[in-house]
Protein chains: 2
Amino acid sequence: MGITERRLRQKEEIRSNILATAWKLVLEEGWQSLSIRKIADAIEYSVPVIYDHFENKEAILLEFGKQGFELLAKKLQQASRKSKDPAEQLKAIADAYWNFAFQHKEYYQLMFGLGIACCEADKCIAEKSAFRDIVMSPIIAITKSENDPRNVNVCLKYHTFWSVMHGLISIKLMNTSVEPDLNKMVLDDAIEGFIKNLRQ
Amino acid sequence: MGITERRLRQKEEIRSNILATAWKLVLEEGWQSLSIRKIADAIEYSVPVIYDHFENKEAILLEFGKQGFELLAKKLQQASRKSKDPAEQLKAIADAYWNFAFQHKEYYQLMFGLGIACCEADKCIAEKSAFRDIVMSPIIAITKSENDPRNVNVCLKYHTFWSVMHGLISIKLMNTSVEPDLNKMVLDDAIEGFIKNLRQ
DNA sequence: CTATATTTGCTAACGGTGTTAGGAAAAATG
DNA sequence: CATTTTTCCTAACACCGTTAGCAAATATAG
């Protein structure tokens with residue numbers, strides 16, 4: 001009797017319909033303007049139906065957050081495989097990170113908090129530590145320090161790398177227009193400096 | 001006849017009462033929870049009175065945003081006067097920027113967009129360009145390039161500096177807890193590297 | 001095939017948000 | 001004292017996230 005299965009399938013379909021519709025709305029009007037009511041309207045169901053599939057609005061955002069972290073990890077993974085030279089790896093990773101941020105602006109905004117309270121603290125630990133490892137590996141190789149990821153210095157360098165990336169991107173994303181648009185030069189410059197610094 | 005003057009004074013008093021109350025509410029419960037109704041409640045006036053003094057909520061936020069930029073500029077100015085050596089100046093500026101972000105977390109959040117849509121683009125140009133000049137000056141001195149702030153390379157370095165600062169701070173502020181808390185070491189490390197890089 | 005149980009999806013509400021129209025009361029002006 | 005101006009409030013509009021409760025549709029058991 002595939003009845004319960006069909007029901008599960010139908011229920012699952014509504015769920016992914018919610019997600020797909022929400023995503024479309026976000027692309028069209030941004031995170032700030034996404035609302036449960038608009039989603040309900042678009043999928044042609046009443047509002048409470050949404051709550052049969054997600055505990056609350058934040059749960060929907062969290063879903064996208066995880067998607068984003070997975071996609072980012074994949075992109076960084078691919079980038080790091082482009083070369084055997086750790087410095088080249090790191091450059092490729094930086095590149096991929098940069099591209100991700102602007103090609104998937106909505107994901108990036110959600111993941112790194114330009115306007116939404118989601119994906120903080122413990123919510124996405126698994127997803128975050130995945131891409132942490134990817135970035136860590138070439139840094140360790142370049143510094144040639146002991147191969148221990150818990151090495152304080154390596155941790156520090158990783159943190160610095162990530163911060164630099166995030167700073168460059170988020171300042172570009174908020175587009176303050178005080179200084180001219182320096183596009184990717186800034187990134188290349190900063191990463192170049194970072195790698196030099198890694199080698200002492 | 002000082003009647004109109006008294007009226008102006010009283011009106012002005014309500015205005016600053018609104019601002020003071022709003023600021024207290026922000027300190028207590030954060031930007032997200034600030035609402036016109038709460039302000040009205042706290043100053044013991046009805047809601048529309050707020051709109052006699054501010055066009056809308058964003059205008060109130062903008063007021064604080066400008067205050068923030070002015071305070072930051074002052075702090076950076078003071079810091080840069082601590083030494084004649086440009087490298088030391090830059091370190092002091094970085095330090096002051098860092099301290100500002102954590103001592104006046106609310107200002108920083110408002111100014112650099114961790115959660116509020118304000119202070120973008122053209123709104124705070126004057127205030128922003130003030131602290132731009134302060135940071136630019138030691139960078140120019142260190143690179144010893146032509147004394148032209150419109151020099152592309154200097155612009156790029158300034159942008160990098162600012163991005164690094166912002167990245168370090170905002171990642172610390174959102175406290176993702178994947179990596180251990182590396183406090184100010186990360187800042188010192190990054191700035192050290194940045195200055196080295198400036199000198200070629 | 002009918003009766004019961006379950007699932008589904010709705011209406012309507014609660015309490016919150018920013019914002020504004022319109023009118024009553026108070027104050028200043030002639 | 002009458003008139004005009006200013007001050008300030010009530011009440012509403014249109015949103016928001018969230019939930020209680022109920023009606024209709026569906027599946028299950030006898």
Side-chain angles (χ1 to χ4, degrees), chain A residues 1-19 21-23 25-26 28-65 110 115-120 123, chain B residues 1-19 21-23 25-26 28-65 110 115-120 123:
Chain A
M1 47 181 78
I3 289 178
T4 48
E5 294 173 16
R6 188 214 59 203
R7 284 192 141 178
L8 274 179
R9 223 180 322 126
Q10 285 179 339
K11 185 149 190 169
E12 180 55 38
E13 207 184 285
I14 293 185
R15 201 189 121 97
S16 41
N17 199 354
I18 291 174
L19 288 175
T21 303
W23 187 246
L25 289 174
V26 168
E28 284 167 10
E29 319 175 43
W31 290 110
Q32 294 292 356
S33 140
L34 179 67
S35 82
I36 300 284
R37 281 178 161 86
K38 282 184 191 169
I39 299 174
D41 233 55
I43 65 170
E44 293 173 302
Y45 276 96
S46 71
V47 168
V49 170
I50 311 279
Y51 289 87
D52 292 339
H53 300 85
F54 297 92
E55 204 190 334
N56 48 34
K57 190 181 178 183
E58 202 187 324
I60 300 179
L61 299 187
L62 194 61
E63 191 73 25
F64 289 121
L110 182 65
I116 309 103
C118 161
C119 305
E120 328 113 322
K123 304 277 183 176
Chain B
M1 49 185 75
I3 289 180
T4 49
E5 294 173 16
R6 189 215 57 201
R7 284 190 144 176
L8 273 180
R9 223 180 321 127
Q10 285 178 340
K11 186 149 189 168
E12 181 55 37
E13 208 184 287
I14 293 186
R15 200 189 123 97
S16 40
N17 199 356
I18 291 174
L19 289 174
T21 303
W23 187 247
L25 288 175
V26 168
E28 284 167 9
E29 320 175 44
W31 290 109
Q32 293 292 353
S33 140
L34 179 68
S35 81
I36 301 284
R37 280 176 162 85
K38 282 184 190 169
I39 298 174
D41 232 55
I43 65 170
E44 293 173 301
Y45 275 96
S46 72
V47 169
V49 170
I50 310 279
Y51 289 88
D52 291 339
H53 300 85
F54 297 92
E55 202 189 337
N56 49 33
K57 190 182 179 183
E58 202 188 325
I60 299 179
L61 300 187
L62 194 62
E63 191 73 26
F64 289 121
L110 182 66
I116 308 103
C118 161
C119 305
E120 326 112 325
K123 302 278 181 173

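In what follows, chains carry the letters A, B, and so on, assigned in the order in which the sequence lines appear, proteins first and then strands, with residues in each chain numbered from 1.
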Nearest to the side chain of [X], which nucleotide is it out of [options]?
{"X": "Lys57(A)", "options": "dT20(C), dC9(D), dG17(D)", "answer": "dG17(D)"}
{"X": "Val47(B)", "options": "dC8(D), dT19(C), dA12(C)", "answer": "dT19(C)"}
{"X": "Pro48(A)", "options": "dT20(C), dG17(D), dA20(D)", "answer": "dA20(D)"}
{"X": "Tyr51(B)", "options": "dT20(C), dT18(D), dG9(C)", "answer": "dT20(C)"}

Kindly indicate whether the side chain of Arg37(B) and the base of dG16(C) share any N or O donor-acceptor pair separated by less than 3.5 Å?
-> no
With a 6.0 Å cut-off (strictly less than), is the heavy-atom count around [atom1] of [X], excluding the residue itself, greater than 12?
{"X": "Gln10(A)", "atom1": "CD", "value": "yes"}
{"X": "Glu13(B)", "atom1": "CD", "value": "no"}
{"X": "Glu28(A)", "atom1": "CD", "value": "yes"}

Look at all strands and tell whether Leu34(A) reaches a base, only sugar-phosphate, or nothing, counting heavy atoms closer than 4.0 Å.
-> sugar-phosphate
Ignoring backbone atoms, test whether Arg7(B) places a side-chain nitrogen or oxygen under 4.0 Å from the OP1 or OP2 oxygen of dT29(C).
-> no
Respond yes when some side-chain nitrogen or oxygen of Ser46(B) is under 4.0 Å from OP1 or OP2 of dC8(D), and no when none is.
-> no
Output the rounded distance in Å from [atom1] ([X]) to [atom2] ([N]).
{"X": "Asp41(A)", "N": "dC16(D)", "atom1": "CG", "atom2": "P", "value": "9 Å"}
{"X": "Asp52(B)", "N": "dG22(C)", "atom1": "CG", "atom2": "C1'", "value": "14 Å"}
{"X": "Ile36(B)", "N": "dA12(D)", "atom1": "CD1", "atom2": "P", "value": "21 Å"}
{"X": "Gln32(B)", "N": "dG17(D)", "atom1": "CD", "atom2": "P", "value": "14 Å"}
{"X": "Glu55(B)", "N": "dT19(C)", "atom1": "CD", "atom2": "C1'", "value": "11 Å"}
{"X": "Ile50(A)", "N": "dT18(D)", "atom1": "CD1", "atom2": "P", "value": "11 Å"}
{"X": "Glu29(A)", "N": "dC15(D)", "atom1": "CD", "atom2": "P", "value": "12 Å"}
{"X": "Lys11(B)", "N": "dA26(C)", "atom1": "NZ", "atom2": "C1'", "value": "15 Å"}

Derivation and outcome, side-chain contact (heavy atoms from CB on, under 4.5 Å), residues Tyr45(B) and Ile18(B) | CA-CA 10 Å; Tyr45(B) 275 96; Ile18(B) 291 174; over 6 Å; no
Is Arg15(B) salt-bridged to Glu63(B), cutoff N-O under 4.0 Å?
-> yes
